[in-house]
Amino acid sequence: MSLLHIMILIPFIFAIFVPLLYKLFNSRIHTGWFVLIIPVVIFIYLLRFIPGISSGEAAYQSLNWIPSFGINFDAYVDGLGLVFGLLITGIGALVILYSIYYLSKEKEALHNFYVYLLMFMGAMLGLVFSDNILVLYVFWELTSISSFLLIAYWYQREKSRYGAQKSMLITIFGGLAMLSGFIMLSMMTDTYSIREMFTQVDTITGHSLFIPAMILVLIGAFTKSAQFPFSIWLPDAMEAPTPISAYLHSATMVKAGIYLVARFTPVFGGSSEWFWLVSGIGLITLLYGSVNAVRQTDLKGLLAYSTISQLGLIMSLLGIGSAALYFGYGDEADLYAAAITAAIFHMINHSTFKGALFMVVGIVDHETGTRDIRRLGGLMTIMPITFTVAVIGAFSMAGLPPFNGFLSKEMFFASVVDVSNLTEFNMDTFGILFPIIAWVASVFTFIYSMILVFKTFRGKYKPERLEKKAHEAPIGMLISPIILASLVVIFFFFPNMIGDYLLKPSVAAVLPAIAENSIMDMYITPWHGWNTELFMTIGVIALGTLMYISLRKWAGIYRMYPQSITLNAIYNSALDKGQSWSASLTDKYMTGYIRDYIAYLFGFFILFVGGTLIVTNSISFDASNNAPVNLYEIALMVAMIVAAFTVLLAKSRLTAIISLGVLGYLVSMFFVIFRAPDLALTQLVVETVTTALFLLCFYHLPRFKEQVHKEKKGVPFKPLNLIISIGVGVVVTLFALSANGTRLFEPIAGFYEDSYELAGAKNIVNAILVDFRGIDTMLEIFVLCIAALSVYTLVKLGLSRREK
């Protein structure tokens, strides 16, 4: 196992020891101090990759997992994965430091919190560094599970449980869709490696599964990154503690979908379908999130919708940048490749200013007891440091200088203006919508950024509406947001310190063909002259300021929209109706009678297996290789049929039991004929014992005639039971005959012919059971032990209750 694999897995390994550390040291040392070591060490380890990555190299390490199926844990670090890895560990370290002062070691179950957090961190690292799509999927679902646990951390609250369930249902649905897309990709390319898929792009684009695979992969990305209409889970996830919101919903989990789209852009990019789906959904999400953020009265709710909006911005840039693959290389390709640069740059910027803002909101909630904007105000002089960080983060989010959000927002405006002039993909008709939607959404972004700052920190201080006396946060809680706010300013004045080392390798990973054929200019400067995007920014500030000042006059328009047709209302209605319908359906088939359950199972068996045989035209009979049927075998078969009918038509239980035993003994005779004496002996013993047990049990039951007399009538004839019985018999017979007459693969019997040499066994059956199926037998014994322990426990519980 390489050091890279160890770094990915070490969060999972360390999570095992967190409960022990919590138990031993929590009374003296906050558990977070031990956990903080993990992301710091991984972050420092990842920094060593920067020189090689910036020079065009990549790190690759393989670890065998299921090599027989081509499933190995192939860890691959390129520019894109490195950026995400640094964000995951860097922001993770700051969040853990923040949580040490935010979460009380006396009141909170910190061992659960940090176990879940480390699980999530490890899952995200595995996701962004996996080259094998199936391994990537495993880590993808681990992020969903761990985020579910984190969101439901305060599980005593109904809203926390609701938010966790909502995020789980939506993201798991997307994950399953993504898995289907991955399987289609593997079918098209005969590989699970993402890097090898890049070499077969022509094969993929010409395949009939290209569009279905693309849509399924995008569903997975859109659900995870809260793109419209799957964005409804993110606001409800804000019920989690603020450190979780700062980590999951600003820097990591919601960026997983961004990573997936960026990673598979070389596979699907260049097509009009990918361009429109990614950029179109991104712009809709951008507008939807920004418009809804303005109406929020909860600070975390405002940040949730702002996150949705910013994710839509990044997603739209990835879609616009994918147009570069259509041109291959040249000036036009470089023009649209700039959108990929803007997307990755804004993703980094968003992680800094949004992480700082989430921590600011957490501080306000922690020190005042509320996040309700209507109860806040006048905190600027009481919490000056928090106010300063809030101004830096909010103004950067609004796209104002001198903060890093201004640079990436200008690059975003430049990209939407450039793409509006694109003549391919029908952009000559709809291209004008791109800059219009981007500008309108940016106006609302400016408004909610001003609401966050001025409604919270300016105005009149209202101590009577607060649950606590407001005061500045302790320095330990301020360290992390101050660091992030400092990066916001530093990246504005020195943006190119990450340009050559992180942005350029990342863009090369997203657009490898273009990177090989052209030299992309990564120089970022705050001043580009009086151009279109600068005038767009001035317009945003002017109109945004006017609308913020007159907010009370037009905010009532939000109440005009009927709440019954919102996405949340539709989701809740679908969930309620789904539960109602499923309960109704369950009541219909859960009758409490075993015969009904058997009828359902057999009926499904007839339809599924029989229908498959008919649809696939698999019913075939080939008796050419069959051994001749002897007279005594026909006699045994007739005797078995007579015994079976006797069981059904017997007038007494004794006759039925004896007939059943005769049927079993006749089966054992067939084993003798087929030269399986050990099976015949086993069958004889089992039949003898079961017949004796049947006789013993039925001895204590009332006589058959007496029972029929008490019921006043015999067992009624049911035609449906007859149809099901005949149907099962016919399907099993057809299936057996077809299987015997059709061989898709070579039989495995030849492998066991060498059982003596391979296992030292003279009996082939013993060799199979003891040697070749040893693990299977061991697991069967294990199951029996569990059953025995369960029975023993039930007996002991029954005895203890009797004693009471």
Side-chain angles (χ1 to χ4, degrees), residues 214-215 218-219 221-232 234 254-255 257-258 260-262 265 268-269 271-294 305-324 326 335-347 349-350 397-399 405 408-422 424-448 532-533 536-537 539-540 543-544 567:
M214 174 197 300
I215 293 173
L218 284 178
I219 289 175
F222 290 163
T223 53
K224 188 73 82 173
S225 284
Q227 298 297 293
F228 184 89
F230 307 109
S231 49
I232 55 176
L234 187 58
V254 290
K255 302 287 175 57
I258 300 294
L260 190 73
V261 170
T265 292
F268 298 109
S271 64
S272 59
E273 296 84 2
W274 180 267
F275 173 86
W276 276 108
L277 283 172
V278 177
S279 60
I281 295 297
L283 285 173
I284 293 172
T285 304
L286 167 64
L287 183 62
Y288 167 81
S290 60
V291 169
N292 280 280
V294 174
Y305 280 101
S306 73
T307 300
I308 293 171
S309 176
Q310 297 296 309
L311 291 171
L313 186 155
I314 300 170
M315 191 68 75
S316 65
L317 283 171
L318 291 175
I320 294 170
S322 69
Y326 177 83
L335 180 67
Y336 299 113
I340 301 294
T341 306
I344 297 173
F345 187 38
H346 192 74
M347 182 187 68
N349 294 339
H350 177 261
M397 183 166 61
S408 50
K409 182 63 74 69
E410 291 290 286
M411 296 171 70
F412 169 60
F413 282 156
S415 296
V416 294
V417 170
D418 290 337
V419 81
S420 65
N421 299 318
L422 182 67
E424 285 73 15
F425 307 149
N426 292 323
M427 283 295 289
D428 50 349
T429 304
F430 301 102
I432 190 62
L433 294 176
F434 278 61
I436 292 175
I437 295 175
W439 188 80
V440 172
S442 296
V443 172
F444 282 93
T445 300
F446 181 89
I447 296 171
Y448 68 67
T532 305
E533 49 265 31
M536 291 175 71
T537 298
V540 166
L543 182 60
L567 291 176

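FYI, the numbering just counts along the sequence from 1. Only a predicted model underlies this, so the values are computations on that prediction, with no experimental measurement involved. Reckoned from all heavy atoms, side chains included, excluding hydrogens, waters and symmetry mates.
Annotation: the span from S415 atom OG to F434 atom CZ amounts to 11.5 Å, rounded to 0.5 Å. Here the straight-line distance linking atom CE of M315 with atom CD1 of I308 works out to 12.5 Å at 0.5 Å rounding. The line from OG of S306 to CG of L234 is 9.0 Å long, rounded to the nearest 0.5 Å. Between atom OG of residue S420 and atom CG of residue L433 there is a gap of 10.5 Å, rounded to the nearest 0.5 Å. A distance of 11.5 Å separates OG in S442 from CD1 in I437, rounded to the nearest 0.5 Å. For the atom pair I219 CD1 and M214 CE, the distance stands at 12.5 Å (nearest 0.5 Å).
Looking only at side-chain heavy atoms (C-beta outward), L313 and K409 come within less than 4.5 Å of each other. No side-chain heavy atom of E273 sits under 4.5 Å from any side-chain heavy atom of I215. Within the 4.5 Å cutoff, the side chain of L218 has heavy atoms near those of the V261 side chain. Y336 has its side chain out of reach of Y326: every pair of non-hydrogen atoms, C-beta onward, lies at least 4.5 Å apart. Using a 4.5 Å heavy-atom threshold, the side chains of K224 and F230 count as separate. In this structure, E533 and M411 have side chains that are not in contact, with every pair of non-hydrogen atoms separated by 4.5 Å or more.
Taking both residues in full, the closest heavy atoms of A343 and L318 are given as CB-CD2, 3.8 Å, listed atom of the first, atom of the second, then distance. Looking at every heavy atom in both residues, G544 comes nearest to I447 through O-CG1, 3.8 Å. Counting all heavy atoms, side chain and backbone alike, V416 lies closest to V419 at O-CG1, 3.4 Å. Between V540 and F413, the shortest heavy-atom contact is CG2-CZ, 4.2 Å. Shown here for A324 and A337, the closest heavy-atom pair between the two residues is CB-N, 3.8 Å. Among all heavy-atom pairs drawn from S322 and T265, the shortest one is CB-CG2, 4.1 Å.
Of the possible polar contacts, none joining the S290 side chain to the F444 backbone as a donor-acceptor pair under 3.5 Å is found. In this structure, the side chain of W439 engages the main chain of M536 through a donor-acceptor pair within 3.5 Å.
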Between side-chain atoms of residues 275-287 and protein atoms elsewhere (two or more places apart, or another chain), which donor-acceptor pairs fall under 3.5 Å?
from, atom 1, to, atom 2, distance (Å)
W276, NE1, F425, O, 2.7
S279, OG, F275, O, 2.4
T285, OG1, Q227, OE1, 3.3
T285, OG1, F228, N, 2.8
T285, OG1, I281, O, 2.7

